[in-house]
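Just so you know, residue 1 is the first one in the sequence shown, and it goes up from there.
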Amino acid sequence: MRHERMSLAQATQTMELAENIWRSREYAVPSDDVLDLASSHKITAYDAEFVVLARELGVPLITLDKSLQKAFPKIATLPEKFARG
């Protein structure tokens, strides 16, 4: 829309389609866990949500954020390290 390549109607339709696709893939994480982690590790709640989500799902957190990698070495990893296995 910004560069006038998409009308408001097209953007609305595209957004609705994207939301419908992702709706079944949304996850809620416990807010208390997020705030506890943010407080104890001095990270943002935004970052803490990703760490908590990765823990909950039992998956690695792929990130370029070196501070998260250092604080959570068992969860957070570089993309290239993950790709190597």
Taking V51 as the starting point, is it possible to reach L78 by hopping between hydrophobic residues whose side chains are less than 4.5 Å apart? no
Value for NE2 (H41) from NZ (K70), rounded to nearest 0.5 Å, stands at 12.0 Å
If two hydrophobic side chains count as joined below 4.5 Å and joins carry through other members, does M15 share a cluster with L8? no
Who are the side chain to side chain donor-acceptor pair (under 3.5 Å) partners of R5, not counting sequence neighbours? none
Ignoring hydrogens, what is the shortest heavy-atom contact between P79 and L64? Give both atom names and the distance. CD-CD2, 3.6 Å
So I43 and F72, do their side chains get closer than 4.5 Å, heavy atoms only? yes
So CG of L17 and CD of E19: to nearest 0.5 Å the spacing works out to 10.0 Å
What donor-acceptor contacts under 3.5 angstrom involve side-chain atoms of residues 25-39, with partners at least two apart or in another chain?
residue : atom : partner : partner atom : Å
R25     : NH1  : I21     : O            : 2.7

Cluster check F82, I75: I/L/V/M/F/W/Y, side chain < 4.5 angstrom: no
Would you say T77 and I62 make side-chain contact, with heavy atoms under 4.5 Å? yes
When every non-hydrogen atom of D65 is compared with those of T63, the smallest separation belongs to N-OG1, 2.9 Å
Can you tell me if CD on Q13 sees more than 12 non-hydrogen neighbours from other groups inside 6.0 Å? no
